[in-house]
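Here the structure comes first, spelled out in structure tokens, and everything after it is commentary.
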Amino acid sequence: MEQLKNVLITGAAGGFGTVIIEALLTKGYTITGAMRDAGGRNKQAAETLKKKGVFIVEIDVTSDESVVEGVSKAAAQMGSIDILINNAGLGAGGIQEGFTADDWKKVFDVNVFGVQRMTRTVLPFMKQQQKGLLMLISSLSARLSVPFQGPYSPSKWAAEALAESYRTEVSNFGIESCIVEPGGFPTQFIGSLLQPSEKERSSDYGAIKDLPDALLASIKSVFEANPEQKPDLVATAVMELIEMPHGKRPMRTEVDRMFMGNLVAPLNTQLAKANEKMYEAFQMDHLTKVKI
């Protein structure tokens, strides 16, 4: 099968987006980086990427109109969209009770509905060419719920279910779906977590109410004690998945050099076996094979 070469990645302004783009550039991929406010607060990031040969499109994944317009521009300037990397994400930190319904909507609008907006907008291009790769940058906390992350872990659980359903539903079009599950890494993501709108709701939690801030304050020392936990690991995992034979990519790939990855890996193995049995029972196992 002809190699997939044209990549559209959201969340290109920083974090994992930056290191993934750097890895893609070294391999000669054609890349469109999607970001919000490319002419404002992310102007410097956009200009830096442009100088390296990356196309830039303005996309707010929480807006249908912005997604449709940005994806159309990306397809026009690259000629096709072979790979979509849903990397944009919004984290959260605090006592869960303090997060209002509107807080939850903000997180899910980026992490779940944003993934769906991007995916369903890109799919017509992939279906037309009968090939493509959908990749979700998720989190290990989508498999092991971590306290004090509010709506973040639930949103990643939901996004993974979305990606897993797509894996079977679009396989007959030659389109593959896979998930990358990073642990915690030292990126700007840590410093931009959504805080609970009603922090006063945690006033009766006693010492527990101070744990979210204490955990956040200790994160620097955690990374210093684990120097191998570098964002480049995520870029390496992404590149290895992209360059695997089409149809042979695993559903989930854990990326972690601390401890959660080792805990999650057996869960993912068991889930893969359970899915295999379920598809067989419903006589849908043919949908797990990507049409080449």
Side-chain angles (χ1 to χ4, degrees), residues 6-21 24 30-50 52 54-78 80-93 99-126 132 134-139 142 150-152 154-156 158-160 162-163 166 177 179-180 187-195 197 238:
N6 296 329
V7 183
L8 171 59
I9 178 171
T10 62
F16 293 141
T18 301
V19 293
I20 291 171
I21 288 173
L24 287 164
T30 301
I31 310 158
T32 295
M35 64 181 70
R36 291 186 302 169
D37 203 13
R41 64 184 175 88
N42 287 325
K43 184 177 181 179
Q44 184 58 56
E47 292 301 322
T48 299
L49 290 174
K50 285 178 183 177
K52 295 178 179 180
V54 178
F55 295 113
I56 298 297
V57 292
E58 179 89 22
I59 290 183
D60 176 357
V61 298
T62 68
S63 163
D64 291 351
E65 294 77 12
S66 177
V67 168
V68 169
E69 183 179 352
V71 167
S72 296
K73 287 181 179 177
Q77 59 197 10
M78 293 192 295
S80 69
I81 299 175
D82 303 323
I83 302 169
L84 169 63
I85 303 177
N86 278 305
N87 170 65
L90 176 60
F99 289 95
T100 64
D102 283 339
D103 292 336
W104 280 70
K105 288 175 184 177
K106 287 178 184 177
V107 174
F108 270 68
D109 209 9
V110 175
N111 296 354
V112 183
F113 308 141
V115 171
Q116 168 68 346
R117 286 186 184 96
M118 289 297 301
T119 303
R120 71 188 302 267
T121 306
V122 164
L123 275 175
F125 296 97
M126 292 185 174
L134 306 170
M135 185 179 293
L136 171 67
I137 307 300
S138 180
S139 169
Y152 178 72
S155 74
K156 288 299 186 180
E160 289 209 4
L162 186 69
Y166 271 124
S177 173
I179 299 169
V180 177
T187 71
Q188 63 197 52
F189 180 83
I190 298 293
S192 58
L193 302 179
L194 180 73
Q195 298 296 307
S197 288
V238 167

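Basis for what follows: all heavy atoms, side chains included, without hydrogens, waters or symmetry-related copies. On a predicted model such as this, the values are computed, not experimentally measured, just so you know.
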Contacts of [X] that satisfy side-chain hydrogen bond (donor to acceptor under 3.5 Å, both in side chains) - sequence neighbours left out:
X    : value
S72  : none
E58  : none
S139 : S141
S80  : N6, D82

Measure the shortest side-chain to side-chain distance between [X] and [Y] over non-hydrogen atoms and say whether it is less than 4.5 angstrom.
X    : Y    : answer
I21  : V54  : yes
L49  : F55  : no
I137 : V238 : yes

Heavy-atom closest contact ([X] atom, [Y] atom, distance):
X    : Y    : result
A12  : G33  : CB-CA, 3.6 Å
S66  : S63  : N-OG, 3.1 Å
A88  : V61  : CB-CG1, 4.5 Å
A38  : I56  : CB-CG2, 4.1 Å
L193 : G93  : CB-N, 4.0 Å
S197 : T100 : CB-CG2, 3.9 Å

By salt bridge (Lys or Arg N to Asp or Glu O under 4.0 Å) - contacts of K73 (at least two apart): E69
query: For D109, which residues count as a salt bridge (Lys or Arg N to Asp or Glu O under 4.0 Å) partner, sequence neighbours excluded?
result: R117
Partners of [X] by side-chain contact (heavy atoms from CB on, under 4.5 Å), sequence neighbours excluded?
X    : answer
V19  : P231, D232, A235
Y166 : Q116, T119, R120, L123, L134, L162, V170, S177
S155 : V107, F108, N111, V112, Y152

- prompt: Got a sec, which residues hit ring-ring contact (aromatic ring centres under 6.0 Å, His included) with F99, two or more places apart in sequence or on another chain?
  reply: none
field: Residue pair L84, M118: steps toward the side-chain contact (heavy atoms from CB on, under 4.5 Å) verdict
entry: CA-CA 8 Å; L84 169 63; M118 289 297 301; 3.9 Å; yes
task: Report the C-alpha distance between E160 and L136 in whole Å, list the side-chain angles of each, state the deciding distance to 0.1 Å, and finish with yes or no for side-chain contact (heavy atoms from CB on, under 4.5 Å).
output: CA-CA 8 Å; E160 289 209 4; L136 171 67; 4.3 Å; yes
- prompt: Side chains of N87 and T10: donor-acceptor distance under 3.5 Å anywhere?
  reply: no
task: State which residue, out of L24, I20, L8, fulfils the side chain to side chain contact (heavy atoms under 4.5 Å, CB included) condition with I31.
output: L24
message: Strictly by salt bridge (charged side-chain N to carboxylate O under 4.0 Å, His left out), give each pair with a member in residues 8-17 just once, sequence neighbours left out.
response: none
message: So, taking the atom named OG in S192 and the one named CG in L90, what distance separates them when rounded to the nearest 0.5 Å?
response: 7.5 Å
- prompt: According to the side chain to side chain donor-acceptor pair (under 3.5 Å) rule, which pairs have a member within residues 31-43, sequence neighbours left out?
  reply: T32-Q77
